[in-house]
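Remarks on the structure that follows.
Keep in mind that the numbers below use all heavy atoms, side chains included, and drop hydrogens, waters and symmetry copies. Order of listing sets the numbers, starting from 1, for every ligand and every atom in it.
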Amino acid sequence: MAKSRSGRFEKEASELLNSFNASLPFDKKLYLEDIEGSSAHAKMLQASGILTKDEADAIVGGLQEVLKEIEDGKFVFDISDEDIHMAVEKRLSELIGAEIGGRLHTARSRNDQVALDFRLYVQKNTLTLKSLVRDFINTLIGIAKNHTNTLLPGMTHLQHAQPINFAFHLLAYASMFKRDFERFESSYKRNDFSPLGSAALAGTPYPIDRHKSAELLGFSGVTSNAMDGVSDRDFALEILFNISVLMTHISRLAEELIIWSSSEFRFITLSDEYSTGSSIMPQKKNPDVPELLRGKTGRVYGNLIGLFTVLKGLPLAYNKDMQEDKEGVFDSVETALISLKILNESVKTARINQDKMREACEKGHLSATDLADYLVTHCNVPFREAHFITGKAVARAEELKLDISQISAQELQKIDGRIGDDVVKFLTLEASMNARNSFGGTSVPSTLKQIASFEEWLKTAQ
Ligand code: ARG
């Protein structure tokens, strides 16, 4: 008879119930957290005088044996044990005897046990994700440093808009990923509290020391209401949300990598190591990595909405619906971990085709705004009128089959006599990019300042 069925039941659970009810097939992933939590609980029970030293030592030693069995692949996972908590506890009792093993669950319930294990998993992975995000920002800054003078068309509506430099474009992404880093950081802090000792829902009559077990597990404190301790899954929602925003950023970048590596653009060439072929078209080199990054983002959003939906109607405290909280989180975490790793490698190894970027800048009259700005600042023309005159200049340039950056001062003067001979030096692509020197702008000095501030940040961001 499974441990959780106690003396109340006369019949064994049906196989159908076991396969429907059990979380073991997926929550076995939490074996380490479960064993860490149980060891801390046993030590706390001893410190509080609830277990003797011999009992606690036997339990902690037995849990280490269970851990070894699991890691050596010798542990037999039996679905009738329901979940990882029961499976570990059952094996512990087999190893050290039920007389002592049976004492581990004093002053504890699976409700606080699962809340603890899951929180430990989320916290651990929050740190890993944060550090992978940092690694990627480091990669972006490394590339940016070499490309402050690499011109490329800045776009709106995917149409050429104004010349920018490639470093500036990468820094836009670095800024997004920095916020992702900070989101993981703040969630970590907010959720750094142990629910262990909340017991089933109402606390426990045993003289436990929740702060002791929290400290042994590395938490900065304990949750302050037992009912909330077992019912709260905000920490899981937070990691799902944080990953969703992260994947949104990854997906936008992935989309650009796909566009940039197309024959029409050729701004970058993805390395062979991170490109795939076609089974029928021998010439093909496909950007499957960024496409999958873009595609996986959908799954991650689904996991967030899935958990919101599970939680929204639940009365306090624990309900079995909450067992549905784990798979989506595992999936999103694993998706984000591998996504960050492969994105980092693909970007690191991509070739940047500066000539193609520059060539693209010479089409689309990217410095047209600079002509309007020239009319405003040098000829005292109101901006709306300057906009109109510039439109005519663009039309003339098109007639001449020239880009606005190539047209002569004489041609422009035919359109508006107030234009001086010095105008052409304001219309070059470099001049246009460097004119945007406002704080956070694309000029080279402004881009260099942004790089410097990221480098400062990278020194302390851990
Ligand atoms: N397997 C359960 C879960 O994942 C553990 C908690 C079970 N608690 C209970 N009262 N049935 O949520």
Do Asp81 and Arg91 sit within salt-bridge range, that is, some charged N less than 4.0 Å from a carboxylate O?
no

Is the shortest distance from a Lys or Arg side-chain nitrogen in Glu456 or Lys459 to a carboxylate oxygen in the other one below 4.0 Å?
yes

Just list the N/O pairs, ligand 1 to protein, that are under 3.5 Å apart, with the distance for each.
{"unit_1": "ligand 1", "atom_1": "1 (N)", "unit_2": "Ser23", "atom_2": "OG", "d": "3.0"}
{"unit_1": "ligand 1", "atom_1": "1 (N)", "unit_2": "Asp83", "atom_2": "OD2", "d": "3.0"}
{"unit_1": "ligand 1", "atom_1": "1 (N)", "unit_2": "Gln323", "atom_2": "OE1", "d": "2.8"}
{"unit_1": "ligand 1", "atom_1": "4 (O)", "unit_2": "Lys326", "atom_2": "NZ", "d": "2.6"}
{"unit_1": "ligand 1", "atom_1": "8 (N)", "unit_2": "Asn111", "atom_2": "OD1", "d": "3.0"}
{"unit_1": "ligand 1", "atom_1": "10 (N)", "unit_2": "Asn111", "atom_2": "OD1", "d": "2.9"}
{"unit_1": "ligand 1", "atom_1": "12 (O)", "unit_2": "Tyr318", "atom_2": "OH", "d": "2.5"}

Could Glu345 and Lys348 be called an ion pair, given the rule that one side-chain N must be under 4.0 Å from one carboxylate O?
yes

Closer than 4.0 angstrom, basic N to acidic O: yes or no for Glu82 and Lys320?
yes

Is Lys28 close enough and on-axis enough to Phe77, meaning under 6.0 Å and within 45°, for cation-pi?
yes

Measuring centre to centre across the rings, with the benzene-like ring taken for any Trp, is Phe330 within less than 6.0 Å of Tyr121?
yes

